[in-house]
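Quick notes on the structure that follows.
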Amino acid sequence: HRGHIRRIRDTIAPIGGKLVAMKKAVQVTAWMSMRSNQEAPYILITDWREAQPFMRSLQNTSIGHQPSFTMVLCVNQRQLGRSTTWARSLPLKVGPVWTCMQ
């Protein structure tokens with residue numbers, strides 16, 4: 001996990017990107033609610049376990065500055081299949097959701 005974070009941080013830093021790492025969906029939702037619509041676009045990278053509660057909260061609130069897209073990282077083919085089917089069922093309100101293997 002720390003290796004992933006380090007690689008992402010090292011990749012986005014040269015282009016002015018910033019990594020904000022949080023462990024739980026509730027932390028991300030709180031962070032999003034404090035952001036204004038004028039702030040830079042962002043993406044959400046999450047695992048399958050946290051993606052579901054995050055999307056539920058996103059659907060049930062009116063958070064103004066939503067992610068440009070969400071990437072759901074899966075640990076096996078079974079998770080990938082389930083998350084892909086789930087992502088296709090989400091309303092357009094939550095934005096694009098991509099699923100992939102870790």
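Everything quoted here is computed from the prediction, not taken from an experiment. In this chain, numbering begins with 1 at the start of the sequence shown.
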Side chain to side chain donor-acceptor pair (under 3.5 Å) with Thr84: which residues, sequence neighbours excluded? Thr99
Treat each ILVMFWY residue as a node, draw an edge where side-chain heavy atoms are under 4.5 Å apart, and state whether Met55 and Met22 are in one component. yes
I need the minimum non-hydrogen distance between Trp86 and Gln52, along with the two atoms involved. CZ2-CA, 3.9 Å
Contacts of type side-chain contact (heavy atoms from CB on, under 4.5 Å), residue Ile8, not counting sequence neighbours: Ile12, Leu19, Ile45
What residues form a side chain to side chain donor-acceptor pair (under 3.5 Å) with Arg88, not counting sequence neighbours? none
With a 3.5 Å cut-off and sequence neighbours excluded, list the donor-acceptor pairs that the side chains of residues 67-77 form with protein atoms.
from  : atom 1 : to    : atom 2 : distance (Å)
Ser68 : OG     : Tyr42 : O      : 3.4
Asn76 : OD1    : Arg78 : N      : 3.1
Asn76 : OD1    : Gln79 : N      : 2.7

Can Val28 and Lys24 be said to form a side-chain contact (heavy atoms from CB on, under 4.5 Å), step by step? CA-CA 7 Å; Val28 176; Lys24 297 292 179 184; over 6 Å; no
Which residues end up grouped with Leu80 if you chain together Ile, Leu, Val, Met, Phe, Trp and Tyr wherever their side-chain heavy atoms are less than 4.5 Å apart? Met101
Which residues pass the side-chain contact (heavy atoms from CB on, under 4.5 Å) test with Arg49, not counting sequence neighbours? Asp47
For the pair Phe54 and Thr46, evaluate side-chain contact (heavy atoms from CB on, under 4.5 Å) and give the outcome as yes or no after the intermediate values. CA-CA 9 Å; Phe54 173 74; Thr46 184; 5.9 Å; no
Residues Gln27 and Lys23: closest non-hydrogen pair is OE1-N, 3.0 Å
